> 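To start, I am sharing the structure in question, which I have written as structure tokens.
Chain letters run A, B, ... following the sequence lines, proteins first and then strands; every chain starts at 1. The structure presented is a predicted model; accordingly, all values stated were derived computationally and were not measured.
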2 protein chains.
Amino acid sequence: MGPKREPLSRERVVAAAMALADEKGESGVTMRAVAARLGVEAMSLYNHVAGREGLLNGMVDAVFAEIELPAPTADWKTAMRERAVSSRAALRRHPWAVGLMDSRRQPGPATLRHHDAVLGALRAGGFSVAMAGHAFSLIDSYLYGFVLQELSLPFNDHAGLEEVAGDILNDLPAGAYPHLTELATEHALKPGYDYADEFEFGLTLILDALQPDERPQ
Amino acid sequence: MGPKREPLSRERVVAAAMALADEKGESGVTMRAVAARLGVEAMSLYNHVAGREGLLNGMVDAVFAEIELPAPTADWKTAMRERAVSSRAALRRHPWAVGLMDSRRQPGPATLRHHDAVLGALRAGGFSVAMAGHAFSLIDSYLYGFVLQELSLPFNDHAGLEEVAGDILNDLPAGAYPHLTELATEHALKPGYDYADEFEFGLTLILDALQPDERPQ
DNA sequence: CACGGTAGACTTACGCTGTAAGTCGCGTCA
DNA sequence: TGACGCGACTTACAGCGTAAGTCTACCGTG
């Protein structure tokens with residue numbers, strides 16, 4: 001009788017959940033809310049994803065799919081830099097993804113493809129298997145940690161930093177925490193400062209300190 | 001008439017919430033559950049903490065209080081290493097704390113003391129204000145990122161790694177993801193491997209690459 | 001073409017959650 | 001002694017994830 005509804009699918013469900021998460025954060029991804037966005041009831045989603053957890057699995061894999069794959073070039077340093085920059089951008093687009101990325105017991109195809117390409121770029125650059133593992137872990141730790149901090153800071157830009165830092169500094173016992181005060185007033189609250197710029201400093205330091213093994217295995 | 005109950009206090013509430021979080025994870029910290037552990041009803045907690053969010057504030061500050069403060073010695077490298085090791089231990093004791101540490105709009109006294117001491121140790125080691133800021137951000141990014149990965153991996157020890165990796169590898173299309181397979185079979189699944197050991201590699205690399213400014217300001 | 005069986009899409013209903021709003025009882029001061 | 005005020009506590013509610021139950025639409029068979 002009524003017009004036939006566009007049927008649900010895993011892709012449609014995951015896409016709606018991601019859009020919702022981008023707008024309202026991970027906690028905004030309720031089965032009801034996702035369903036409402038698709039014009040169905042909550043329980044219909046369970047036919048396409050394995051509960052909330054399965055939905056998160058799909059969302060994580062979709063984030064990995066957004067990260068540019070490094071080519072297996074000899075210039076591993078550039079490949080790693082670009083991969084890190086692309087990952088940071090994806091994680092900033094989808095703040096809810098940090099912390100979910102490594103927790104999947106059943107990684108999706110995009111996740112596996114991503115990890116394989118990163119390792120391939122390091123191997124092509126002359127890293128041994130073991131050293132490629134070290135480098136992958138180190139770079140990802142820095143990447144995830146930086147984005148985690150960047151996203152969880154209670155401000156987004158210089159103006160927000162000024163406001164929050166000002167509030168905190170005002171409430172401080174005078175003279176307590178001298179180094180913190182020094183950093184704030186003489187550095188972080190100066191006009192040109194942007195916390196986001198710290199990313200390049202650390203990434204460059206790490207990439208310059210990393211080296212392929214002298215005798216690749 | 002009845003025996004007088006030990007009155008609640010912010011400290012007792014926060015301690016109970018931390019114990020609960022350690023046992024059942026952050027999501028186990030429900031107002032009801034915390035209250036039940038203290039023998040009261042949920043709403044009583046609201047007299048001592050500003051809702052669930054205020055409770056989390058107190059829990060985060062308590063975690064900072066558990067981290068050993070670096071002494072303002074000239075040996076900044078040792079101080080930073082020990083601070084990182086102590087922080088990692090605290091974050092592993094309280095897995096729920098990662099991701100909450102930098103998000104507090106109103107940092108508690110232990111948090112402020114901690115940050116001030118870290119900056120103080122770097123300044124005493126010859127770092128300029130700006131370089132101390134860079135170093136703090138870099139080390140903490142690595143620290144938080146490593147612990148985040150370490151904790152979110154879906155296994156805890158070598159046996160668990162073998163099981164999960166085995167399951168994943170079995171489900172893989174043969175020949176797809178060659179570098180991932182290589183890393184697993186030739187490195188990570190070998191007897192002596194433990195992901196936790198990667199921490200030292202990255203920390204040492206970072207600390208060796210960091211240097212005080214040549215002309216401290 | 002008719003029809004019975006069944007897989008899969010969908011909804012209802014339940015035991016949870018965080019907390020706003022309301023109630024109680026004790027300590028204090030006239 | 002009495003009653004007032006305020007902090008400690010509970011009740012009640014809207015909204016959560018999902019187990020269990022319902023219903024629809026299709027397909028193979030005669």
Side-chain angles (χ1 to χ4, degrees), chain A residues 1-60 95-97 99-100 103-106 154, chain B residues 1-60 95-97 99-100 103-106 154:
Chain A
M1 300 275 174
K4 198 170 205 167
R5 205 160 26 184
E6 169 85 358
L8 292 180
S9 70
R10 182 179 172 83
E11 285 70 27
R12 293 218 313 138
V13 171
V14 169
M18 289 179 73
L20 207 50
D22 293 345
E23 287 169 21
K24 320 209 175 181
E26 183 196 330
S27 69
V29 180
T30 72
M31 299 304 268
R32 285 184 218 289
V34 173
R37 178 177 278 257
L38 293 164
V40 298
E41 296 303 309
M43 277 314 290
S44 305
L45 306 180
Y46 287 81
N47 297 301
H48 304 279
V49 295
R52 193 173 194 274
E53 203 55 28
L55 180 53
L56 294 179
N57 276 328
M59 293 165 71
V60 166
W96 43 267
L100 261 47
S103 64
R104 305 295 105 190
R105 197 173 292 263
Q106 294 176 331
Chain B
M1 300 273 171
K4 197 171 206 167
R5 202 155 33 179
E6 169 85 356
L8 291 180
S9 70
R10 181 179 173 83
E11 286 71 26
R12 293 219 309 141
V13 172
V14 169
M18 289 180 73
L20 207 51
D22 293 345
E23 287 169 20
K24 319 209 176 181
E26 183 196 331
S27 70
V29 180
T30 72
M31 300 304 268
R32 285 185 219 290
V34 173
R37 178 177 278 257
L38 292 164
V40 299
E41 296 301 311
M43 279 313 292
S44 305
L45 306 180
Y46 287 80
N47 296 303
H48 303 278
V49 295
R52 191 173 195 275
E53 204 54 27
L55 180 53
L56 294 178
N57 276 329
M59 293 166 70
V60 166
W96 44 266
L100 261 49
S103 66
R104 304 294 106 191
R105 199 172 289 263
Q106 293 176 332

> State whether the side chain of A:Arg104 and the backbone N or O of A:Leu56 hold a donor-acceptor pair below 3.5 Å, judged by distance alone.
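No, A:Arg104 side chain to A:Leu56 backbone: no donor-acceptor pair under 3.5 Å.
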> Taking CD from B:Glu53 and P from C:dG18, how many angstroms apart are they, rounded to a whole number?
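Going from B:Glu53 (CD) to C:dG18 (P), I get 12 Å.
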> Take the protein atom CG of B:Leu55 and the nucleotide atom P of C:dT19, then report the distance between them rounded to whole Å.
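Distance, rounded to whole Å: 10 Å.
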> Only one of B:Asn57, B:Val13, B:Leu8 clears side chain to side chain contact (heavy atoms under 4.5 Å, CB included) with B:Val49; which?
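Looking at B:Asn57, B:Val13, B:Leu8, the match for B:Val49 under the side chain to side chain contact (heavy atoms under 4.5 Å, CB included) is B:Val13.
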> How long is the line joining CE of A:Met43 and P of D:dT22, in whole Å?
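Checked: the CE to P distance equals 14 Å.
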> Mind listing the closest non-hydrogen atom pair of A:Ala35 and A:Leu45 along with its distance?
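The pair with the smallest heavy-atom distance is N-CD1, 3.8 Å.
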> Output the rounded distance in Å from CG (B:Leu45) to P (C:dT19).
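B:Leu45 atom CG is separated from C:dT19 atom P by 11 Å.
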> With respect to the side chain of B:Asn47, which nucleotide from D:dT18, C:dT19, D:dA8 is positioned closest?
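Closest of the options to the side chain of B:Asn47: D:dA8.
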> Please name the pair of heavy atoms, one in B:Arg10 and one in B:Gly58, separated by the smallest distance, quoted to 0.1 Å.
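Nearest pair, atom of B:Arg10 first, then B:Gly58: NH2-CA, 3.5 Å.
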> Using whole Å, what does the distance between atom P of nucleotide D:dC9 and atom OH of B:Tyr46 come to?
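To the nearest whole Å, that distance equals 15 Å.
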> Taking the minimum atom-to-atom distance to the side chain of B:Met31, which one of C:dC10, D:dT18, C:dT19 wins?
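The answer is C:dT19, which lies nearest to the side chain.
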> Side chain of A:Glu41 only, heavy atoms from C-beta on: which candidate in D:dT10, C:dT11, C:dT19 is closest?
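The answer is C:dT11, which lies nearest to the side chain.
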> At under 4.0 Å between heavy atoms, what does B:Val34 touch on the DNA or RNA strands: base, sugar-phosphate, or nothing?
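Answer is nothing: B:Val34 stays at 4.0 Å or more from every strand.
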> Could you check how far NZ of A:Lys24 sits from C1' of D:dG15, rounded to whole Å?
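My rounded result for the distance is 14 Å.
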> Less than 3.5 Å between a donor and an acceptor, one on the side chain of A:Arg32 and one on the base of D:dG15, is that the case here?
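No.
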> Should we say atom CD of B:Gln106 is surrounded by more than 12 heavy atoms from elsewhere, each under 6.0 Å from it?
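At most 12 heavy atoms, drawn from other residues, nucleotides or ligands, come within 6.0 Å of this atom.
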> With respect to the side chain of A:Leu8, which nucleotide from D:dA19, C:dC10, D:dC9 is positioned closest?
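Output: C:dC10.
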> With a 4.0 Å cut-off on heavy atoms, is A:Thr30 in touch with a base, just the backbone sugar-phosphate, or nothing at all?
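Sugar-phosphate, no base atom in range.
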> C:dA20 P sits how many Å from B:Arg52 CZ, rounded?
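About 14 Å, once rounded to whole Å.
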